[in-house]
Number of protein chains: 2
Amino acid sequence: MKKYAGQSAMLVAIDCIIFGFDGDELKLLLIQRGLEPEKGKWSLMGGFVKPKEDLEKAAARILKQLTGLEDVYMEQLQAFGDPDRDPVERTLSIAWFALVDIHKYEKQLSDDHHPEWVPVKKLPKLVFDHRKMVDLAKKRLQYKAALHPLLFELLPDRFTIPQLLNLYQALYDKKLDKRNFNRKLLSAKLLIKQKYKKKEGSRRGAFYYKLDKRKYYSNIDAFMSFLPAREIFS
Amino acid sequence: MKKYAGQSAMLVAIDCIIFGFDGDELKLLLIQRGLEPEKGKWSLMGGFVKPKEDLEKAAARILKQLTGLEDVYMEQLQAFGDPDRDPVERTLSIAWFALVDIHKYEKQLSDDHHPEWVPVKKLPKLVFDHRKMVDLAKKRLQYKAALHPLLFELLPDRFTIPQLLNLYQALYDKKLDKRNFNRKLLSAKLLIKQKYKKKEGSRRGAFYYKLDKRKYYSNIDAFMSFLPAREIFS
DNA sequence: GCAAATAAGTGTTATTTTGACACTCATCTT
DNA sequence: AAGATGAGTGTCAAAATAACACTTATTTGC
């Protein structure tokens, strides 16, 4: 078959902004870049899209390569295409953000990326335009999580309400009223209270909850806010 | 400088989903594709990104080429990268949507694209995956316009409130209560009432309003809804 | 075993926001 | 002058919101 004449191709890469939450701080999984230039510098995990691979698969492949995880929440953030963003040769990057349960993550044995979870609030200098990607991803996560139930993706299967509250407080860097938070959260009826309490971290212990998966998946695009309206503003 | 070895490049294109509003229906500016294959079929306006061009500039260039317009509201929608989306050769497309004042648009003289404004509700078959792009763009526009003041971009500098109401009704395909719409709209204090009325279209005539540009631009990311909450759902 | 410490859990109220609803007004046409 | 048409406007009841503080369950230390 004929080709489009006279058009110039470029490399297409994926970069992943991988969020995790350790119960206290919002974190990003960063690697030490394995290629020249900037080898050894902090970087987002990335890779090139293969000739017959679609973008979703490429993003999932790259995420799995670093984390071993599959079926992770991922969303296309934006394409970054500044002609000089990669000094080696023109490379378009499609940034995706991922929300993972930090406890499911295990370092891959064969991993020469030297990945580390780094607090979003204490990011090191990153290569290329990765800082812009991270900033945009954080903004997008703040935006979306203020309108839709989404942050559950960052928590284990069972979690406590104080854990969830902490997560929201970490993401928005704001103290929230636990009574109002509770009321809104429970009125969404997405949670199923468990019989057992989490014993660590407090004397009294907090009850575990699980997501009602059926309701959760059918409402993942629904509007649902557990925050005071004005917190939505960045 | 060295290149990344062994990676395969691909073409990168831009496609533009161009919305307009004629006072009655929401429309898209479509062209008849100028290249084989599918030459002559209905298509979004598009083009390849040039070797030293960034994505914003490429999108603006392509929009201008078709419409003659500059400084138009454009937003990156999503990258579409199915390996077979273009049968000729692998082409990644970054879709952008644009909101234009349909009355400012003039057919470009040198234009061999044969562009037409087509009602969104009566779309013809489109080439490749353009229909997916349009559907996503419409969804995104509905989403965003329900939360932020945005649709003003589709109207002329001065417009009447009934015009704006019609636009919302067209986008959501719903009748809205004009009293509630009015109250919410005016409470945002973005509009400046003009001295003159629009005489066409009604006996009494409706007052023109203009945007308070200062407030508008400083609130373009603010949350502001003129709709009943549940209309936000698609 | 009792007191102290700690985080979990829970209700009320005043204010604001929302949505449903119907009539009058200004102007042109005949 | 009467009729027709779309523009413009106000009320009220219900729901949602945000602000606010005390009690409870359990462990720890004496």
Side-chain angles (χ1 to χ4, degrees), chain A residues 23-24 146-149 155 158-170 172 174-210 222-233, chain B residues 23-24 146-149 155 158-170 172 174-210 222-233:
Chain A
D24 181 38
L147 298 171
H148 305 281
L155 293 176
R158 52 175 212 177
F159 52 86
T160 67
I161 293 184
Q163 270 181 300
L164 186 63
L165 179 65
N166 277 345
L167 170 51
Y168 275 86
Q169 293 185 149
Y172 297 98
K174 290 259 169 65
K175 281 245 179 282
L176 299 173
D177 184 283
K178 65 177 172 174
R179 287 163 293 187
N180 292 335
F181 184 78
N182 233 276
R183 173 168 41 81
K184 291 184 188 186
L185 181 62
L186 295 178
S187 77
K189 308 208 174 187
L190 287 179
L191 299 189
I192 302 170
K193 193 173 187 173
Q194 304 302 114
K195 288 184 188 149
Y196 304 102
K197 287 186 169 185
K198 183 180 186 194
K199 298 297 186 175
E200 322 84 59
S202 78
R203 312 254 154 115
R204 181 174 176 176
F207 277 100
Y208 281 115
Y209 286 79
K210 282 190 178 181
F223 281 85
M224 218 175 273
S225 182
F226 310 137
L227 301 176
R230 70 166 164 288
E231 304 301 332
I232 300 177
F233 299 86
Chain B
D24 181 39
L147 298 171
H148 305 280
L155 293 177
R158 50 177 214 177
F159 53 85
T160 68
I161 293 183
Q163 272 181 299
L164 186 64
L165 179 65
N166 278 343
L167 171 52
Y168 276 86
Q169 294 185 150
Y172 296 98
K174 290 260 170 67
K175 281 245 178 284
L176 299 173
D177 184 283
K178 64 178 173 174
R179 287 161 295 187
N180 291 336
F181 183 78
N182 234 276
R183 171 162 45 84
K184 292 183 185 185
L185 181 62
L186 295 177
S187 78
K189 308 207 177 188
L190 286 179
L191 299 190
I192 302 170
K193 192 173 188 174
Q194 304 302 112
K195 289 185 187 150
Y196 304 102
K197 287 185 170 185
K198 183 181 185 193
K199 297 297 186 175
E200 322 84 59
S202 80
R203 310 256 154 117
R204 182 174 175 176
F207 278 100
Y208 281 115
Y209 285 78
K210 283 189 176 181
F223 281 85
M224 217 175 274
S225 181
F226 311 137
L227 301 177
R230 71 167 162 286
E231 303 302 331
I232 300 178
F233 299 87

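Computed over heavy atoms, backbone and side chain alike; hydrogens, waters and symmetry mates excluded. Reminder, nothing fancy here: chain letters follow the sequence lines and each chain counts from 1. Since the model is a prediction, treat every value here as computed from it, not as a measurement.
- With sequence neighbours excluded, the residues satisfying ring pair (Phe, Tyr, Trp, His ring centres under 6.0 Å) with Phe181(B) are Tyr168(B).
- Arg204(A) pairs by the side-chain hydrogen bond (donor to acceptor under 3.5 Å, both in side chains) definition with nothing, not counting sequence neighbours.
- The separation between Glu200(B) atom CD and dT5(D) atom C1' is 16 Å, rounded to whole Å.
- Residues that satisfy the side chain to side chain contact (heavy atoms under 4.5 Å, CB included) test with Ala170(A), not counting sequence neighbours, are Phe21(A).
- Counting to the nearest Å, the C1' atom of dT27(C) and the OH atom of Tyr196(B) are 18 Å from each other.
- Looking at every heavy atom in both residues, Lys178(A) comes nearest to Leu165(A) through CB-CD2, 3.7 Å.
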Nucleotide-resolved protein contact map, nucleotides 8-16 of chain D, B/S/- at heavy-atom distance under 4.0 Å: BBB------

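- If you take CG of Leu185(A) and P of dT17(D), they are 14 Å apart, rounded to a whole angstrom.
- Here dG6(D) presents its P atom at 14 Å from CD of Gln169(B), a figure rounded to the nearest Å.
- For residues 179-195 of chain A, the pairs satisfying salt bridge (charged side-chain N to carboxylate O under 4.0 Å, His left out) are Asp177(A)-Arg179(A), with sequence neighbours left out.
- One interatomic measurement links the two molecules: CG of Leu176(A) to C1' of dC20(D), which rounds to 15 Å at whole-angstrom precision.
- In this structure, Lys198(A) does not reach the dA7(C) phosphate: none of its side-chain N or O atoms is under 4.0 Å from OP1 or OP2.
- Lys175(B) places its NZ atom 17 Å from the C1' atom of dA22(C), with the value rounded to the nearest Å.
- Annotation: side chain to side chain contact (heavy atoms under 4.5 Å, CB included) contacts of Thr160(B) (sequence neighbours excluded): Pro162(B), Gln163(B), Lys198(B), Ala206(B), Tyr208(B).
- Here the C1' atom of nucleotide dG6(D) and the CZ atom of Phe181(B) are 16 Å apart, to the nearest Å.
- Side-chain N/O atoms of Arg203(A) and base N/O atoms of dA5(C) include a donor-acceptor pair closer than 3.5 Å.
- For the pair Ser202(A) and Lys184(A), both in contact range of DNA chain D, the more 5′-proximal nearest nucleotide belongs to Lys184(A).
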